[in-house]
Protein chains: 2
Amino acid sequence: MLTDEISRRILRHMQAEPDLPMAELAQRAGLAAGTCARRLEKMREAGIYQGVQAIINWAALGYSVEVSLRVTLDKTQSRAFDEFIEEARKIPEVSEIHTFLGRVDVRLAVLARDMAHYQEIYKTRILTLPHIADIEALMQVAAIKMSEDLPL
Amino acid sequence: MLTDEISRRILRHMQAEPDLPMAELAQRAGLAAGTCARRLEKMREAGIYQGVQAIINWAALGYSVEVSLRVTLDKTQSRAFDEFIEEARKIPEVSEIHTFLGRVDVRLAVLARDMAHYQEIYKTRILTLPHIADIEALMQVAAIKMSEDLPL
DNA sequence: GATGAAAAATCTGTGAC
DNA sequence: GTCACAGATTTTTCATC
């Protein structure tokens, strides 16, 4: 029931238009409003639907620089991974942290107002993180697609 | 007014707890409910606040494989970039597309049910995209942090 | 032009069927 | 799963600064 076709349909519409009123969402999924709310609540309890996230245009707020950093850690120390993540989480300008299998261990997304600001964050907050063996940086030009109609 | 301290406060709380009732949000920002709603609406019109996005636990829905692909394009053709993006957008399993300055031109995030499924998507949908010069793949282990308390 | 308070319109979730 | 209603919530109005 939690992952059947009807529930997937709810998630699909939820994904496409997240701030639709419940009644509208229900109609598009072919359900009554109450039923839809009940299913969504079940999915939330099961951790399938994890709520919503605000999308903010950082450039409009003066954060025009976004940099993607790929970090390779010094794996000679067993706690390197956890310690690095723990410290990286504390940096407000780090907006995303993803971990990987392979040569690269972690990817960080960093937000900054301009290049001078980025340089400052990089020197004082990033390079002081523990256990870094190597860093590669890419400057982001644009976010083209972010989860519109994923496979459900 | 659109980017003053009060508006930033609204966004800050919006970001931390996106599905808070308007009355609560207003109280935390030190405003009346109506005032808060009007400011948020203004910010939406100005494109500063771009609404909300549903967060879905893909692993719970059977999509346990997430791969990050870095693509370098064949820049000998001037339309390469646009044509590549246009085709990549059409693939439902591609959940994110970001573009960059530098050696790597595009990063794609790909969702798949398992390794066999990923292999199929990779061969039939990704490698058939136009103007690819080089691809590097990393398998994602976890998304640790996604926009909690960013600098506002 | 922006604000707070309160009324009006709308929406959500619970319970009966 | 649907329907309807009570309670909560958003949105508009209006007087005020």
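Below, chains carry the letters A, B, ... as their sequence lines are ordered, and counting in each starts from 1.
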Nearest non-hydrogen partners of Leu73(A) and Pro130(A), listed with the distance: CD2-O, 4.4 Å
Nearest to side-chain heavy atoms of Ala33(B), which nucleotide of dT11(D), dG1(D), dG4(C): dT11(D)
Derivation of the salt bridge (charged side-chain N to carboxylate O under 4.0 Å, His left out) call for Lys75(B) and Asp105(B): CA-CA 10 Å; Lys75(B) 265 86 71 179; Asp105(B) 297 294; 2.7 Å; yes
Value in whole Å for how far the C1' atom of dG1(C) lies from CG of Asp4(B): 13 Å
For atom CD1 of Ile10(A) and atom C1' of dG1(D), their distance in whole Å: 12 Å
Interatomic distance where CG belongs to Leu40(B) and P belongs to dT12(D) [whole Å]: 13 Å
Sugar-phosphate, base or nothing in reach of Arg38(A), heavy atoms under 4.0 Å: nothing
Met1(B), nearest nucleotide to its side chain (from dT2(D), dT3(C), dT11(D)): dT3(C)
Rounded distance (Å) that lies between atom C1' of dG1(C) and atom CG of Leu2(B): 13 Å
d(CD, Glu41(A); P, dG1(D)) in whole Å: 16 Å
Salt bridge flag under 4.0 Å for residues Lys90(A) and Glu87(A): yes
Per Ala32(A) side chain, nearest of listed nucleotides dA2(C), dT11(D), dT2(D): dT2(D)
Any residue of residues 16-29 of chain A with a heavy atom less than 4.0 Å from an atom of DNA chain C: Pro21(A), Met22(A), Ala23(A)
Gap between atoms CZ and P, on Arg44(A) and dG13(C) respectively (whole Å): 9 Å
Electrostatic pair Glu17(B):Arg12(B) at N-O distance under 4.0 angstrom: no
Residues Asp4(B), Arg39(B); criterion salt bridge (charged side-chain N to carboxylate O under 4.0 Å, His left out); working and verdict: CA-CA 11 Å; Asp4(B) 67 5; Arg39(B) 271 183 180 262; 3.2 Å; yes
Residue pairs involving residues 106-134 of chain A (criterion salt bridge (Lys or Arg N to Asp or Glu O under 4.0 Å); sequence neighbours excluded): Glu96(A)-Arg107(A)
